[in-house]
Asker: 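Once you've had a glance at the structure underneath, I'll fire off some questions.
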Amino acid sequence: SPTGGLHLGGVRTVLYNYLFAKKHGGDFILRIEDTDQTRYVAGAEEYIFNCLKWAGLEPDESPLHGGEYGPYRQSERKAIYRQYAEQLIKDGHAYYAFDTPEELEKMRQDFRTEQNTSPQYDHVIRMKMRNSLTLPADEVKRLLDQNTRHVIRIKLPENETVSFTDMIRGEVSFDTNVVDDKVLLKADGMPTYHLAVVVDDFLMKITHAFRGEEWLPSAPVHILLWKCLFGLKNMPQWAHLPLILGPNGKLSKRDGAKYGFPVFAMNWTDPKNEELVEGFKEKGFLPEAFINLLALLGWNDGTEQEIFTKEELIEKFSVERVHSGGAKFDYEKAKWFNHEWIKKAEVSGLRFEVKRLLSEKNIIVSDENLLDKVIGLVKDRCTLLTDFYDQSVFFFKTPEQYDLGAIKPKWNEAKQLFFAEVVRNFELTNDWNAHILENNFKEIAAVNQIKPGDVLLPFRVMLVGGKFGPGVFDIAGVVGKQETINRISKAEAAFNAG
RNA sequence: GGCCCGUUCGUCUAAGGGUUAGGACACCACCCUUUCACGGUGGUGAUACGAGUUCGAAUCUCGUACGGGCUACCA
């Protein structure tokens with residue numbers, strides 16, 4: 001539905017659908033439900049498609065790249081839905097309703113009681129409204145001939161139990177008396193989701209349908225429609241997925257920014273208020289991690305394995321093992337998944353993204369070899385891709401500021417002399433590599449009767465600016481002879497100052 | 001209000017009648033260590049409540065409580 005960003009629940013629904021389809025050799029279709037023109041957002045189709053592409057869940061058929069069951073945009077299928085709706089009326093399963101919005105509102109007021117706080121257009125109420133069941137036939141014909149605004153509603157049978165087997169929750173049943181006569185075709189000629197989903201599923205030969213649990217209450221309408229239109233054969237198997245919850249209840253798209261973590265797959269700008277909400281991609285998540293964490297939110301394979309590649313997920317996924325209760329989204333765990341995937345990633349797989357992230361901060365890396373070395377050294381300490389900047393900026397830029405608090409209290413003449421000697425030694429070192437530097441450094445310390453531990457921290461701060469990062473000699477090795485010497489001199493000046 | 005779905009550590013979950021109720025995230029401690037991480041070891045911590053069935057219940061049944069969803073010419 002192109003009415004907003006593609007959020008966690010949406011991607012997970014698609015993911016489970018995708019995994020199931022791929023596992024059983026089926027195709028998987030992206031349909032666009034743009035039946036409500038007032039909510040339709042231009043550009044959302046491309047947005048959704050791009051999100052799925054990023055996540056590696058590209059559909060086999062979609063409005064954007066075709067397929068044999070198109071069109072896939074419901075606004076382009078209006079005539080089809082009208083035809084099925086008329087068929088239902090002919091067979092006595094639906095009727096025309098001419099009630100205006102005001103009349104409906106009045107009905108809701110008039111029939112409101114303490115027992116029934118929101119009266120529905122049901123088998124009792126429909127006989128008190130203006131529709132083709134209550135109006136004389138010639139009056140109905142006259143209204144239709146005059147193009148009076150009307151909708152088509154399903155006529156729900158009385159005293160029946162509709163039951164079906166959900167792939168996740170098993171047998172679910174509903175009493176038709178408590179389900180209302182849902183609108184199938186709106187006054188503007190567009191279908192509602194109820195009609196569209198049934199007709200599209202049939203025409204597109206859908207075998208298995210995955211959707212959120214919020215659709216469960218309207219499942220009986222869809223079952224009934226399918227039965228009336230196509231008989232009970234070939235009805236898709238339904239899987240109603242549990243909801244993904246936020247910190248205090250439902251995970252809402254609106255509050256996306258307030259949670260302190262993304263809710264959309266990719267950056268989404270709400271056209272209504274132009275507010276940009278950051279997505280998982282831009283936050284620094286790897287698509288592999290995103291897929292992995294979503295898959296495990298409500299499903300597991302019964303073993304203790306938690307890290308799965310997409311291929312493993314396809315092989316091991318089973319709807320029966322999907323949990324039926326809602327799951328609260330835990331951002332800390334989500335970050336853990338991403339960290340695991342970054343650690344697991346090949347340097348070559350990270351190269352492009354890291355290079356892009358650095359260039360956004362005006363660090364242009366032309367030496368791919370150097371970049372690879374840096375990525376290899378720091379990737380274990382990055383939870384999000386965006387952490388690569390802080391973790392590696394000092395490889396490319398001389399520190400501007402130092403964590404003086406960690407140095408100054410213990411900074412003395414002995415250490416100054418020590419570093420002066422280190423500089424002299426480094427200047428004479430031709431084979432510049434981490435091992436040799438470390439040996440030389442420790443030898444000088446021994447000669448000067450200084451514990452290596454006492455000068456390693458200052459050396460680190462000289463090179464990095466702070467108390468973090470990979471091994472100091474690895475850093476010196478990568479940064480190079482001249483730069484290392486420069487950094488020592490520059491930092492000493494700062495340490496001595498004040 | 002009505003209908004539907006759900007309920008195991010704080011969070012995600014395992015255990016399809018018999019386990020000291022397992023794992024992961026987070027948290028804490030220790031080890032490793034030149035920093036920060038990684039890694040390793042250990043720890044705190046849960047079957048919502050009440051009945052019933054059974055030799056035996058987290059597991060089956062019923063009730064209660066709590067949570068969520070739906071109750072639009074939205075999806």
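Proteins come first, then strands; the chains are lettered A, B, ... in the order of their sequence lines, and each starts at number 1.
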Asker: What is the glycosidic conformation of B:rC28: syn, defined as within 90° of 0, or anti?
Answerer: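 The base of B:rC28 is oriented anti (glycosidic angle more than 90° from 0).
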Asker: Would you indicate what A:W215 reaches in the nucleic acid, counting non-hydrogen atoms under 4.0 angstrom: base, sugar-phosphate, or nothing?
Answerer: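 Since a base atom lies under 4.0 Å of A:W215, the category is base.
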Asker: Measuring centre to centre across the rings, with the benzene-like ring taken for any Trp, is A:F495 within less than 6.0 Å of A:Y402?
Answerer: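 Centroid distance A:F495-A:Y402: below 6.0 Å, so yes.
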Asker: Mind checking if A:P470 touches a base, just sugar-phosphate, or nothing, with heavy atoms under 4.0 Å?
Answerer: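 Touches a base.
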Asker: Which nucleotide wins on minimum distance to the side chain of A:E214, given the candidates B:rU13, B:rA75, B:rG1?
Answerer: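 Looking only at side-chain atoms, A:E214 lies closest to B:rA75.
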Asker: So if I take every side-chain heavy atom of A:P101 and compare against B:rC4, B:rC5, B:rC73, which nucleotide ends up nearest?
Answerer: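 The nucleotide sitting nearest to the side chain is B:rC73.
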Asker: Just call it for A:V183: base, sugar-phosphate, or nothing, with non-hydrogen atoms closer than 4.0 Å on any strand.
Answerer: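 Contact class for A:V183: sugar-phosphate only.
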Asker: Looking across every strand, which nucleic acid part, if any, lies under 4.0 Å from A:G298 by heavy atom: base, sugar-phosphate, or nothing?
Answerer: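 Sugar-phosphate, no base atom in range.
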Asker: A:F329 or A:E306: which one's nearest nucleotide on RNA chain B is closer to the 5' end?
Answerer: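 Final value for this comparison: A:F329.
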Asker: With a 4.0 Å limit, can you tell me whether A:H323 has a side-chain N or O closer than that to the phosphate oxygens OP1/OP2 of B:rA14?
Answerer: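 Answer yes for this pair, as a side-chain N or O of A:H323 is under 4.0 Å from OP1 or OP2.
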Asker: Is any side-chain N or O of A:K343 closer than 4.0 Å to OP1 or OP2 of B:rG39?
Answerer: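 It does, given that an N or O in the side chain of A:K343 lies less than 4.0 Å from OP1 or OP2 of B:rG39.
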Asker: Taking the side chain of A:R321 as heavy atoms from C-beta outward, which of B:rC25, B:rA14, B:rA75 is closest to it?
Answerer: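 Output: B:rA14.
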Asker: Can you check whether A:F290 and A:F280 have ring centres sitting under 6.0 Å from each other?
Answerer: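 Yes; A:F280 has its ring centre under 6.0 Å from that of A:F290.
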Asker: Please pick, from B:rA24, B:rA37, B:rC74, the nucleotide with the shortest atom-to-atom distance to any side-chain atom of A:R381.
Answerer: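 Closest of the options to the side chain of A:R381: B:rA37.
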Asker: Counting the atoms with a prime plus P, OP1 and OP2 as sugar-phosphate, which does A:T303 contact under 4.0 Å by heavy atoms, base, sugar-phosphate, or nothing?
Answerer: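 Since no nucleic acid heavy atom lies under 4.0 Å of A:T303, the category is nothing.
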Asker: What's the closest nucleotide to the side chain of A:T35 if the choices are B:rA72, B:rA75, B:rG68?
Answerer: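 My answer, after comparing the listed nucleotides, is B:rA75.
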Asker: Between B:rC38, B:rG6, B:rC4, which one does the side chain of A:S324 approach most closely?
Answerer: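 Looking only at side-chain atoms, A:S324 lies closest to B:rG6.
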Asker: Do A:W299 and A:F308 have ring centres separated by under 6.0 Å?
Answerer: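 Distance test on ring centres: under 6.0 Å, yes.
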Asker: Of all the nucleotides listed (B:rC73, B:rC12, B:rC5), which has the minimum atom distance to the side chain of A:K186?
Answerer: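 Ranking B:rC73, B:rC12, B:rC5 by closest atom to the A:K186 side chain puts B:rC73 first.
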Asker: The side chain of A:F174 lies closest to which of these nucleotides: B:rC36, B:rG68, B:rC3?
Answerer: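 Taking heavy atoms from C-beta onward, the closest nucleotide is B:rC3.
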Asker: Hey, does A:A327 reach any base, or is it just sugar-phosphate, or nothing, if we go heavy atoms under 4.0 Å?
Answerer: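 Answer is sugar-phosphate: A:A327 comes under 4.0 Å of backbone atoms only.
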Asker: Just checking A:G469: base, sugar-phosphate only, or nothing, at a heavy-atom cut-off of under 4.0 Å?
Answerer: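 The residue A:G469 makes base contact.
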Asker: Hey, is the side chain of A:N300 poking within less than 4.0 Å of OP1 or OP2 on B:rA14, counting only N and O atoms?
Answerer: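 Answer yes for this pair, as a side-chain N or O of A:N300 is under 4.0 Å from OP1 or OP2.
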Asker: A:T117 has a side chain; which of B:rG1, B:rU11, B:rG6 sits nearest to it?
Answerer: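 From the listed options, B:rG1 comes nearest.
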Asker: Touch check for A:R112, heavy atoms < 4.0 angstrom, all strands: base, sugar-phosphate only, or nothing?
Answerer: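 No contact.
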Asker: Hey, which of A:L184, A:L225, A:V199, A:V198 is the one that makes side-chain contact (heavy atoms from CB on, under 4.5 Å) with A:Y84?
Answerer: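 Going through A:L184, A:L225, A:V199, A:V198 one by one, the side-chain contact (heavy atoms from CB on, under 4.5 Å) with A:Y84 is satisfied by A:V199 alone.
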Asker: Are A:T192 and B:rA72 close enough that a side-chain N or O sits under 4.0 Å from OP1 or OP2?
Answerer: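 It does not, given that no N or O in the side chain of A:T192 lies less than 4.0 Å from OP1 or OP2 of B:rA72.
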Asker: Centroid separation under 6.0 Å, is that true for the rings of A:F264 and A:H7?
Answerer: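 When the ring centroids of A:H7 and A:F264 are compared, they turn out to be at least 6.0 Å apart.
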Asker: Determine: side-chain N/O of A:R169 to OP1/OP2 of B:rC4, distance under 4.0 Å, yes or no.
Answerer: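 No, no such contact exists.
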Asker: Report which part of the nucleic acid A:R153 touches: base, sugar-phosphate, or nothing (heavy-atom distance under 4.0 Å, all strands).
Answerer: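 It contacts sugar-phosphate atoms only.
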Asker: Is the gap between the ring centers of A:F459 and A:F418 under 6.0 Å?
Answerer: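 No; A:F418 has its ring centre 6.0 Å or more from that of A:F459.
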Asker: Reckon A:D188 touches a base, only the sugar-phosphate, or nothing at all at heavy-atom distances under 4.0 Å?
Answerer: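 A:D188: no heavy atom of the nucleic acid under 4.0 Å.
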Asker: When you match A:W336 and A:V178 each to their closest nucleotide on RNA chain B, which lands nearer the 5' end?
Answerer: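 The residue whose closest nucleotide sits nearer the 5' end is A:V178.
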Asker: Tell me which nucleotide among B:rC74, B:rC25, B:rU71 gets nearest to the side chain of A:D36.
Answerer: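 So the side chain of A:D36 is nearest to B:rC74.
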Asker: Nearest whole angstrom, please: distance from the C1' of B:rU13 to the CD1 of A:I244.
Answerer: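 Roughly 15 Å, once rounded to whole Å.
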Asker: When the ring centroid of A:W341 is compared with that of A:F285, is the distance short of 6.0 Å?
Answerer: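 Aromatic pair excluded; centres sit 6.0 Å or further apart.
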